[in-house]
Every structure is written in structure tokens, then in C-alpha cells.
Protein chains: 2
Amino acid sequence: MENVKVLIVDDEPNIRDLLSTSLRFAGFSVHAVGNGADAVNAAEKGAPDIILLDVMLPDMNGFSVTKKIRSMGINAPVLFLTARDETADKVTGLTVGGDDYMTKPFSLDEIVARINAILRRTKQVETEDSILEVGEIKINQDAHEVFANGQPVDLSPTEYKLLRFLMSNPNRVLTKAQILDHVWEYDFNGEMGIVESYVSYLRKKLDPITSEPLIQTKRGVGYMYKSSKSSN
Amino acid sequence: MENVKVLIVDDEPNIRDLLSTSLRFAGFSVHAVGNGADAVNAAEKGAPDIILLDVMLPDMNGFSVTKKIRSMGINAPVLFLTARDETADKVTGLTVGGDDYMTKPFSLDEIVARINAILRRTKQVETEDSILEVGEIKINQDAHEVFANGQPVDLSPTEYKLLRFLMSNPNRVLTKAQILDHVWEYDFNGEMGIVESYVSYLRKKLDPITSEPLIQTKRGVGYMYKSSKSSN
DNA sequence: CCCATTCCTGAGAATGGGCTGAACGCTTAC
DNA sequence: GTAAGCGTTCAGCCCATTCTCAGGAATGGG
């Protein structure tokens with residue numbers, strides 16, 4: 001997934017910054033604009049591989065932007081961002097042709113996962129595999145299935161997201177704050193104790209199946225998913 | 001089904017975009033125009049394998065377009081698109097040759113299925129098989145017949161379409177929004193609860209016959225049709 | 001060895017997703 | 001005209017999931 005270009009369109013600067021920073025860190029090449037007119041412009045000149053498009057924009061709505069872009073012969077898939085309460089009525093027709101949508105507030109890890117899923121489906125660029133396998137755990141991201149040493153493991157959505165985030169950063173300590181920022185929605189208002197709870201849930205389900213505990217506690221720092229191959 | 005060229009003729013830009021996007025993603029090579037004159041032109045130069053033709057066009061009606069095209073020696077089959085209320089009188093005599101018709105509004109999955117059926121019948125190009133068999137379920141798309149472990153299953157049209165869509169994406173989680181966008185008509189304005197209802201109907205009919213439940217619920221994500229071949 | 005800090009984990013309350021039976025209107029078949 | 005089938009909505013139920021909290025365990029500095 002070299003040099004994948006993402007165009008972000010959202011009128012809220014906070015969201016723009018959040019997404020820009022996060023996606024840039026995830027290895028994407030990012031360009032962000034704040035309204036529909038700029039979006040059309042940037043789509044034409046920037047030739048993005050995927051577009052993150054807020055449905056509610058000050059000048060024109062996301063659908064008009066899409067239409068305009070499509071009529072210019074640009075077929076980059078679109079990941080629509082919609083407020084939670086407008087999903088019911090506005091979502092119809094959004095998931096056509098490789099497109100997808102997410103409701104705000106979202107989690108950063110989920111956004112990255114969705115982008116990769118879309119790029120995988122549309123095959124416009126080479127990207128990561130649908131299978132994420134680190135050590136004894138294997139995740140099938142299409143089926144949302146998890147296997148530990150070949151045995152299926154039943155995980156709740158949050159457990160799944162947490163495990164995926166840990167596994168995509170193997171042998172690297174992640175602070176609870178980092179985990180909270182990536183796995184939980186950006187407006188989550190609770191305490192970090194919830195990370196401890198969910199790590200506990202995961203361990204209870206995974207440790208009986210694996211040969212050794214895979215999620216290690218780094219006291220005073222955070223957690224680390226250990227993959228056998230490496231380091232001290 | 002490599003490089004099948006589809007010519008779309010419809011004066012409503014929304015429909016044009018919807019069809020273009022969807023068919024392009026389904027693997028077709030698409031060209032779209034908005035009136036009869038352009039259609040004749042494009043048919044001559046583009047040598048399409050199949051034509052999607054709206055019956056009501058601003059300049060000339062779909063039949064005149066067909067006549068003109070045929071007189072030029074172009075024999076590509078035509079799939080007419082008609083409004084629901086003009087079916088009775090105008091449709092007569094349409095399905096001669098390899099032609100067919102659909103009423104608006106249609107569902108995207110249905111359009112793709114019809115196109116494949118026509119191409120199959122006219123044998124102008126290699127295309128998908130008429131039999132769709134995944135796991136214990138077999139669908140004969142020509143006859144609209146469904147068998148579970150050899151036993152015939154009686155399904156309503158919507159049940160059939162839903163099952164076909166699920167089966168054409170085995171071992172992959174489909175969100176309710178995706179299902180709604182592909183199985184239901186594009187102007188459907190209702191809630192996603194209807195997907196739950198129809199999944200329930202399907203399960204009630206299929207599960208007693210199959211060895212295990214085939215449609216799995218991925219809570220908080222969507223549904224998945226499971227084919228035994230995977231796992232491990 | 002003691003203590004403070006950090007972490008673990010079970011219990012419980014609140015939430016909300018998903019399932020299903022029932023009801024309604026619409027169309028089609030007889 | 002009547003009955004049957006179908007599509008759609010809805011409400012009530014069930015239960016998985018989320019999140020908080022608090023007591024107890026583990027850790028490591030002194």
C-alpha cells in the first residue's frame with residue numbers, strides 16, 4: 001500500500017485534523033479540504049485513490065459532490081461520513097459500487113480498517129491482505145472471524161477492534177490513552193479503566209487457547225501484543 | 001465475463017450515475033448517454049454487447065431508438081427500462097429476440113442478474129453460470145428455483161433476491177445498508193428492520209433443511225452467508 | 001518487608017441490537 | 001368478490017454488549 005492518496009472533505013476543522021493526522025500516520029498521503037467546491041477541485045487535480053466525504057457540507061451536500069466528481073470521470077470510491085441521526089433516511093444508495101459509509105462519531109482504527117477494506121475490494125491499488133495473522137492469532141477481516149491456533153474465538157465488536165489494533169502494532173507498547181484514542185469513538189467520555197476491562201475480556205477468551213499469554217502488561221506504560229518472532 | 005460493454009441510455013442523471021457506478025463495479029465496461037440521438041451514435045461507435053434503454057426519452061422514445069439501431073445492423077440485445085405505470089400498454093412485444101424489460105424502480109442486484117441472464121441467453125459473450133451453488137444451497141437463476149440439499153424451497157421474490165445476494169458474497173459480512181442498497185429498489189425509503197424480517201423468513205424456511213444455520217448474524221456489523229469450505 | 005501504586009476481574013445496571021409474531025394495506029389469483 | 005400471498009411496519013421480548021465500580025491481587029520502590 002504505497003502512496004495511497006486520501007482526500008478528506010469535512011467542514012469541522014477538528015475532524016479534519018484528527019483524520020489527517022491519523023491517516024498520515026497510518027501511511028496514507030493525505031489532502032484535506034473543508035467544502036464541496038474545494039473537494040471537486042482537489043479530486044480533479046489530486047487524483048485521490050479514495051475520498052472521505054462528510055455528507056453535510058456548508059455549500060453542497062455530499063451527494064452533489066459525488067455526482068459532480070463522477071461526471072468528471074473520477075471513479076475513486078467514496079467513504080461517506082454521516083451523523084448518527086441521519087443514517088436512517090440518508091443512507092440509502094450509499095454503499096453502491098465499492099462505496100461505504102460510517103457514522104460519526106467513529107473510531108480511528110475503524111476508519112483505517114474501512115479504507116483498507118474498500119481499497120481491497122475495488123482493487124485500484126495494492127493493499128493489505130484481508131487476513132491479519134500475527135503469532136498464534138489469525139483475523140479474517142472480511143468475515144470478522146478470529147482464530148487462535150485454528151480454533152474460532154467469539155468476540156464482541158469492541159473486543160474485536162481492540163484485538164485488531166493490538167495485532168496491527170505487534171511487539172510495541174501501546175499506552176491506554178493511545179488505545180482509547182484508536183479503538184473507541186473520538187468523543188468517548190469515559191475512563192481508561194475500560195481498556196483494562198476489555199484487555200481482561202480478551203485474555204479470558206484467548207489465553208486458554210494460546211500456548212502463552214499474548215497480551216503483556218507493561219506496568220506504568222501500557223500493553224503490548226507479543227509476537228514470538230522478535231525482540232527480548 | 002471479461003470486457004462486456006454496456007450502453008446506458010436514460011435522461012435522469014441520478015439513474016445514469018447509479019447504474020454506471022454499480023455496473024462498473026460489477027465488472028462491466030460502461031458508457032452512459034442521456035438521449036436517443038446520442039444513444040444511436042454511441043451504439044454505432046461503441047459496439048456495445050448490451051443496451052440498457054429507458055423507454056421514455058426526451059427526443060425520441062426507446063422503440064424508435066431500437067428500430068434505428070437495428071436498421072444499422074446492430075443486434076446487441078436491449079434491456080428496456082420502463083416506469084411502472086406504462087408497463088401494461090407499452091411493453092407488449094418487447095421481449096422478442098433476446099430483449100427484456102424491467103420496471104423502475106429496480107434493485108441493483110436484479111439489474112445485474114438480468115444482464116447476465118440476457119448475455120447468457122444470447123451467448124454473445126462468456127458470462128456467469130446460470131446455476132449458483134454455495135454450500136448446501138443451489139439456485140437456478142433461469143428458473144428462479146432454489147434447492148437446499150436437493151429439496152426444493154419455495155421463496156417469495158424478495159426472499160429469493162436476498163438469498164441470491166447473500167450467496168454471491170459468501171463468507172463476507174454484509175451490512176444491512178449494503179443489503180438494502182442491493183436487494184431493495186433504489187428509491188426504497190424504509191428502515192433496515194425489513195432486512196431483519198427477511199433474514200428471519202429465510203432462516204425459517206432454510207434452517208430446517210440444512211445441517212446448520214447458513215445465515216450468520218454478526219452483531220453490530222451485519223449478516224454473513226457461510227460456506228463450509230473456509231475456516232481453519 | 002511494607003506500602004503505595006497500578007492492575008485485574010467479577011458483579012451489576014443500563015443500553016440497545018436483533019428476532020419474531022401480529023397487523024395492515026396492496027396486489028394477484030380464482 | 002373473496003381469498004391468498006406478499007411487502008412493510010411495529011412493538012415487545014430476549015439477551016449480548018457496554019461501561020462503571022469496588023475489592024482484591026500483583027508489582028516494585030524504599
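Computation of the quantities below employed the complete heavy-atom set of this structure, encompassing side-chain atoms and omitting hydrogens, waters and symmetry-equivalent molecules. Sequence lines set the chain letters: A, B, ... in the order given, protein chains first and strands last, and positions in each chain run from 1.
R203(A) and T210(A) are not linked by any side-chain donor-acceptor pair at a separation below 3.5 angstrom, with hydrogens and angles left out of the test. With hydrogens and angles left out, the side-chain atoms of S20(B) and D17(B) include no donor and acceptor closer than 3.5 Å.
Rounded to whole angstrom, the span from the CG atom of L202(B) across to the C1' atom of dT20(C) amounts to 14 Å. Regarding D187(A), its CG atom lies at a distance of 11 Å from the P atom of dC19(D), rounded to whole Å. With rounding to whole Å, E191(A) atom CD is found 13 Å from dA22(D) atom P. Between I179(B) atom CD1 and dG7(D) atom C1' the separation is 17 Å, expressed in whole Å. Atom pair I194(B):CD1 and dT9(D):P shows a separation of 5 Å (rounding to whole Å applied). Atom P of nucleotide dT9(C) and atom CG of D207(A) are separated by 9 Å, given to the nearest angstrom. When the C1' atom of dT9(C) is taken as reference, atom OH of Y223(A) falls 11 Å away, rounded to whole Å. Distance OH (Y160(A)) to P (dT18(D)): 14 Å, rounded to an integer number of Å.
Both Y198(A) and R219(A) lie near DNA chain C, and the one whose nearest nucleotide falls closer to the 5' end is R219(A). Nearer the 5' end of DNA chain D, as judged by each residue's closest nucleotide, is the contact made by S197(B), out of E159(A) and S197(B). Remark on DNA chain D: of its neighbouring residues G190(A) and D154(A), the 5'-side contact belongs to D154(A), judged by nearest-heavy-atom nucleotide.
Contact annotation: K176(B) reaches the phosphate of dG18(C) (side-chain N/O to OP1 or OP2, under 4.0 Å). OP1 or OP2 of dG7(D) lies within a sub-4.0 Å distance of a side-chain N or O belonging to S156(B). Put simply, W184(B) has a side-chain N or O that comes within less than 4.0 Å of OP1 or OP2 on dT8(D).
Ring geometry, H182(A) versus F165(A): the interplanar angle falls under 30°, so the pair is classed parallel (tilted spans 30 to 60°).
Closest contact between the side chain of K204(A) and the listed nucleotides dG10(C), dC19(C), dC19(D) involves dG10(C). Which of dT8(D), dC8(C), dT18(D) sits closest to the side chain of E196(A) comes down to dC8(C). Distance from the side chain of F188(B) is smallest for dT8(D) among the nucleotides dG7(D), dC19(C), dT8(D). When distances run from any side-chain atom of T217(B) to the nucleotides dT20(D), dC19(D), dC19(C), the shortest one goes to dC19(C).
L79(B) is not listed as a side-chain neighbour of I51(B), based on a closest heavy-atom distance of 4.5 Å or more.
Aromatic rings from W184(A) and Y198(A) are positioned such that their centres are separated by under 6.0 Å.
Contact of Y201(A) with dC8(C) (side chain to base): no donor-acceptor pair of N or O atoms is detected under 3.5 Å.
dG23(D) and dC8(C) make up a base pair, with Watson-Crick or G-U wobble contacts both under 3.5 Å.
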